[in-house]
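Below is one structure, written out as structure tokens, with a few remarks after it.
Side chains are part of it too, since the values below use all heavy atoms of this structure and drop only hydrogens, waters and symmetry mates. Only a predicted model underlies this, so the values are computations on that prediction, with no experimental measurement involved.
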Amino acid sequence: MTSRAEPGDDRSDPGLSAIMSERRQLINLGYRLLGSLADAEDVVQETYARWYAMSAGERQAIESPGAWLMTVASRICLNLLDSARVRRETYVGDWIPEPLPDPTEWITGRSGAGGSDPVDRVTLDESVTMAFLVVLDSMTPAERVAFVLHDVFRYPFGEVAEIVGRTPAACRQLASSARRRVRTAQTPAGPSAGQAEIVRQFRTAWQAKDIDALISLLDPEATATADGGGLAVTHLLPIVGGEQIARAYAEIARVAGHRTTFLECTVNGLPGLVAQQDGDIATVFAFEIVDDRIRHIWAVRNPEKLRPWRSS
């Protein structure tokens, strides 16, 4: 990387506080590239380990420590994305990116202690909505890294090329291809307040097991995808069609009975729902809403992906 100014850059002797100030930026990068907060934290830990494996003189010689950290983290993510495709072949059911709560609803950090450190929180914006992350997951590793670094983090293609190991022109093509995927998949969404009202109506109809009301809120071509990871019971294949989803979800509500409470919340920056069973969060639901109809539901039940939502 070159000498672009970075927060916390101390060119004479980058100390612990200056280096650790980059942690949130690295977490944000890792989550967008990997779709997993746990994996993003592992990437940050490995990045810092490599930094402190260098001698003091080597660290002082680095012109922009923040840029160095971002470069190393990006390369680690690129390697993980390559291996993730192999791991997904043995994953039970569909893999959905790890859902994140609103910062005001954030419960716990990796240590398990109550109250997450603010530097560990991911900045929630349009680049971390569930729909966006699902599109990112469909890209090749090189496409994803080039697109996220350039379009989200505003890195010039010359610097992206150093990370990806390709020419700037090739990286420009990768980002362009990724951009086309995003444009094809994304549709204009309504205001958050309007989406919240639709989610509220869905929750009410769901709890009432009102199939007709549920059908009226779902796009006829809607899809519902669930992720239990083999650790929680759920439907392994996507449910396609508004009527099919309505009937399946009404049955879920019937089986859940009075042990389950559905609560409105924010999931990756947009209105969503959580299902609590005996006071513990069992499922997080993210929605894609287009033209006042629910186009897609993502239900995450894998307990390993619900860590930020739980108090222990």
Just wondering, do Arg85 and Pro141 contact through their side chains at under 4.5 Å, heavy atoms? yes
Begin from the C-alpha positions of Gln276 and Thr261 and carry the test side-chain hydrogen bond (donor to acceptor under 3.5 Å, both in side chains) through to its verdict. CA-CA 5 Å; Gln276 286 187 335; Thr261 303; 5.4 Å; no
ILVMFWY cluster, Leu231 and Val92 together (side-chain gap under 4.5 Å): no
For residues 230-247, which residue pairs qualify under salt bridge (Lys or Arg N to Asp or Glu O under 4.0 Å), counting only residues two or more places apart or in two chains? Glu243-Arg247
Do you see a donor-acceptor pair shorter than 3.5 Å between the side chains of Ser127 and Arg32? yes
Rounding to 0.5 Å, atoms OG (Ser21) and CZ (Arg23) come to a distance of 12.0 Å
Residues Cys265 and Trp309: closest non-hydrogen pair is SG-CZ3, 3.9 Å
For Asp292, what residues pass the side chain to side chain contact (heavy atoms under 4.5 Å, CB included) criterion, not counting sequence neighbours? Ile198
Begin with the C-alpha distance, continue with both residues' side-chain angles, and end with the deciding distance and a verdict on side chain to side chain contact (heavy atoms under 4.5 Å, CB included) for Leu149 and Ser74. CA-CA 8 Å; Leu149 284 174; Ser74 298; 3.6 Å; yes
Residues in side chain to side chain donor-acceptor pair (under 3.5 Å) with Thr225, at least two apart? His296
Quick check against the 3.5 Å criterion: does Ser83 have a side-chain atom that pairs as donor or acceptor with the backbone of Leu80? yes
Pairing donors with acceptors under 3.5 angstrom, does anything connect the side chains of Arg180 and Ser176? yes
If the threshold is 4.0 Å, N to carboxylate O, is there a salt bridge linking Arg87 and Asp82? no
So Glu251 and Lys209, salt bridge (Lys or Arg N to Asp or Glu O under 4.0 Å) or not? Walk me through it. CA-CA 8 Å; Glu251 178 62 15; Lys209 298 178 275 297; over 6 Å; no
At what distance, to the nearest 0.5 angstrom, does CZ of Arg144 lie from CG of Leu78? 11.5 Å
Donor-acceptor pairs under 3.5 angstrom involving side-chain atoms of residues 211-220: please list them, not counting sequence neighbours.
unit_1: Ser216; atom_1: OG; unit_2: Ala213; atom_2: O; d: 2.6
unit_1: Asp219; atom_1: OD1; unit_2: Glu221; atom_2: N; d: 2.7

Could you check whether any side-chain N or O of Glu143 sits under 3.5 Å from a backbone N or O of Thr140, counting only pairs where one atom can act as donor and the other as acceptor? yes
Leu174/Phe147 under side chain to side chain contact (heavy atoms under 4.5 Å, CB included): CA gap, chis, key distance, verdict: CA-CA 7 Å; Leu174 287 170; Phe147 175 76; over 6 Å; no
Taking every heavy atom of Asn268 against every heavy atom of Pro99, the minimum-distance pair comes out as OD1-CA, 3.3 Å
Do Leu236 and Asp94 have side chains that approach each other closer than 4.5 Å (heavy atoms only, starting at C-beta)? no
Once side chain to side chain donor-acceptor pair (under 3.5 Å) is applied, do any residues pair with Glu58, and if so which ones, sequence neighbours excluded? Ser55
Any side-chain heavy atom of Leu33 within less than 4.5 Å of one from Val145? yes
Value rounded to 0.5 Å, distance of CG in Asp39 from CG in Asp42: 6.0 Å
Sequence neighbours excluded, which residues qualify as ring pair (Phe, Tyr, Trp, His ring centres under 6.0 Å) partners of Trp206? Phe202, Tyr249, Phe262, Phe285
Would you say that Thr283 contacts Val300 through its side chain, given a criterion of any heavy-atom pair below 4.5 Å between the two side chains? no
Quick one, Arg59 and Ile19 - any side-chain contact, counting heavy atoms below 4.5 Å? no
Crowded around Gln277 CD? As in, over 12 foreign heavy atoms under 6.0 Å? yes
Group every Ile, Leu, Val, Met, Phe, Trp and Tyr by side-chain heavy-atom contacts under 4.5 Å, then state whether Tyr31 and Ile163 land in the same group. yes
Is it the case that one hydrophobic cluster holds both Trp95 and Met139, taking links as side-chain heavy atoms less than 4.5 Å apart, direct or via other members? no
In terms of heavy-atom contacts, Val267 and Leu273 come closest through CG2-N, 4.3 Å
Run the side chain to side chain contact (heavy atoms under 4.5 Å, CB included) check on Ile297 and Ile245 step by step: do they pass? CA-CA 9 Å; Ile297 302 173; Ile245 294 171; 4.1 Å; yes
To the nearest 0.5 Å, how far apart are CD in Glu288 and CZ in Phe132? 12.5 Å
Residues Thr123, Arg24; criterion side chain to side chain contact (heavy atoms under 4.5 Å, CB included); working and verdict: CA-CA 9 Å; Thr123 303; Arg24 182 167 186 169; 3.7 Å; yes
Carboxylate-amine/guanidinium contact Arg301 Asp227, below 4.0 Å: no
Taking C-beta and beyond as the side chain, do Arg203 and Val199 meet within less than 4.5 Å on heavy atoms? no
What distance separates Thr71 OG1 from Glu162 CD, expressed to the nearest 0.5 Å? 7.0 Å
For residues Val160 and Ala146, report the shortest heavy-atom separation together with the two atoms involved. CG1-CA, 3.8 Å
Shared hydrophobic cluster, Tyr91 / Trp298 (ILVMFWY, side-chain heavy atoms < 4.5 Å): no
For the residue pair Trp51 and Thr47, establish whether any side-chain heavy-atom pair is separated by less than 4.5 Å. no
Starting from Val134, can I reach Leu306 by hopping between I/L/V/M/F/W/Y residues whose side chains sit under 4.5 Å apart? yes
Do Leu37 and Pro308 have side chains that approach each other closer than 4.5 Å (heavy atoms only, starting at C-beta)? yes
Give the minimum heavy-atom separation between Ser138 and Val135, together with the two atoms involved. OG-O, 2.6 Å
Ile239 and Ala248: which non-hydrogen atoms are nearest, and at how many Å? CD1-CB, 3.6 Å
From Gln60 atom CD to Met54 atom CE, the distance as rounded to the nearest 0.5 Å: 11.0 Å
Charged N to carboxylate O under 4.0 angstrom, Arg307 versus Glu41? yes
